[in-house]
Amino acid sequence: MSVKKVIVFEMAEKEYVVGVDVVRSIEKMQSITRVPGTAPYVKGVMNLRGIVTPILDLRLRFGLKGKEATDDTRMIMISYDEKEMGLIVDRAHDVLDIDERSIELAPEAVGSTKTELIHGIANVNKRLLLFIELEEIIKTAS
């Protein structure tokens, strides 16, 4: 059995996952410096441990309604394809091991989520987990 270890996070009451292999850390919200002329979902940049890192609001990137940060809001700091980036999410909560055989390709329509940003879905203990497509998210934010 091949297992994929993932971090589960929430946006708009849906659960999404990203592989732990690309996650550097999970941070509470911090000060972000806005960069003029960027897409609305690019909230700006921040200096995290000496590295200037772009920060994306995944709600806006996925076409969802924006939301003010709360005590639960987190930034998932990732390193993917030699790029560092922070992803603002409503809440990050557990680490799961998912049997890779339970991951299915994303259907053409996944509710209100842009399907090019989702590459798979897993049904784990009656929870539908949406796998985000980091390559697509980073490509359009670079």
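Between the side chain of Ser102 and the backbone N or O of Glu100, no donor-acceptor pair lies under 3.5 Å. Counting only distance, with no hydrogens or angles, the side chain of Arg59 and the backbone of Asp90 share no donor-acceptor pair below 3.5 Å. Side chain of Asp81 to backbone of Lys83: no donor-acceptor contact under 3.5 angstrom is found.
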Val20 and Val95: CA distance, side-chain angles, deciding distance, side chain to side chain contact (heavy atoms under 4.5 Å, CB included) verdict: CA-CA 8 Å; Val20 296; Val95 176; 4.2 Å; yes
Tell me, with the steps shown, if Lys28 and Asp72 meet salt bridge (Lys or Arg N to Asp or Glu O under 4.0 Å). CA-CA 8 Å; Lys28 289 186 175 186; Asp72 290 332; over 6 Å; no
Worked verdict on Val42 versus Ile55 for side chain to side chain contact (heavy atoms under 4.5 Å, CB included): CA-CA 6 Å; Val42 178; Ile55 306 296; over 6 Å; no
Quick one, Leu129 with Ile98, criterion side chain to side chain contact (heavy atoms under 4.5 Å, CB included). Give me CA distance, side-chain angles, the key distance, then yes/no. CA-CA 10 Å; Leu129 304 173; Ile98 297 178; 3.7 Å; yes
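The hydrophobic cluster containing Met46 does not contain Leu60, counting ILVMFWY residues as joined when their side-chain heavy atoms lie under 4.5 angstrom apart, directly or transitively. Cluster annotation: Phe9 and Ile26 are assigned to the same hydrophobic cluster (Ile/Leu/Val/Met/Phe/Trp/Tyr, side-chain heavy-atom contacts under 4.5 Å, transitive).
Counting only heavy atoms from C-beta outward, the side chains of Arg91 and Met11 never approach each other to under 4.5 Å. Between Arg61 and Leu117 there is a side-chain heavy-atom pair separated by less than 4.5 Å. You'll find the side chain of Thr53 reaches within 4.5 Å of the side chain of Met77, heavy atoms only. You'll find the side chain of Leu56 reaches within 4.5 Å of the side chain of Ile137, heavy atoms only. Looking at heavy atoms from C-beta onward, Glu136 lies out of side-chain contact with His119 at the 4.5 angstrom threshold. Under the 4.5 Å side-chain criterion, counting only non-hydrogen atoms from C-beta, Leu134 is in contact with Ile78. For the pair Leu130 and Lys14, the minimum side-chain heavy-atom distance is below 4.5 Å. At a threshold of 4.5 Å between non-hydrogen side-chain atoms, the residues Val89 and Ile76 count as touching.
Once rounded to the nearest 0.5 Å, the distance linking CD1 of Ile7 with NZ of Lys5 reads 9.5 Å. Within the model, atoms OH of Tyr80 and CE of Met85 stand 11.5 Å from one another, a figure rounded to the nearest 0.5 Å. Note that CG of Leu87 is 5.5 Å distant from CD1 of Ile132, once rounded to the nearest 0.5 Å. Atoms CD1 and CG, from Ile88 and Asp57 in turn, are 5.0 Å apart once rounded to the nearest 0.5 Å. Summarising the geometry, atom CD1 belonging to Ile103 is positioned 3.5 Å from atom CZ belonging to Phe131; distances are rounded to the nearest 0.5 Å. Put simply, CE on Met75 and CG on Leu48 are 7.0 Å apart, with the number rounded to the nearest 0.5 Å.
Across all their heavy atoms, Val22 and Val18 have their closest contact at CG2-CG2, 3.6 Å. Looking at every heavy atom in both residues, Met29 comes nearest to Ala69 through CG-CB, 4.0 Å. Summarising the geometry of Arg74 relative to Asp71, their closest heavy-atom pair is NH1-O, 2.8 Å, with the distance given to 0.1 Å. A pairwise comparison of heavy atoms in Pro54 and Val52 identifies CD-O, 4.1 Å as the closest pair.
A donor atom on one side chain and an acceptor atom on the other are found under 3.5 Å apart for Ser79 and Glu84.
When the shell of 6.0 Å around CD of Glu104 is examined, it contains 12 or fewer heavy atoms from other residues, nucleotides or ligands.
Annotation: Tyr16 is in aromatic contact with Phe62 [ring centroid separation under 6.0 Å].
Applying the side-chain hydrogen bond (donor to acceptor under 3.5 Å, both in side chains) rule to Ser25 yields the partners Glu27; only residues at least two apart in sequence or on another chain are considered. Under the rule for a salt bridge (charged side-chain N to carboxylate O under 4.0 Å, His left out), Asp21 has no partner lying at least two apart in sequence or in another chain.
For the pairing with Glu15, the side-chain contact (heavy atoms from CB on, under 4.5 Å) check across Val124, Val8, Leu96 returns one residue only, Val8.
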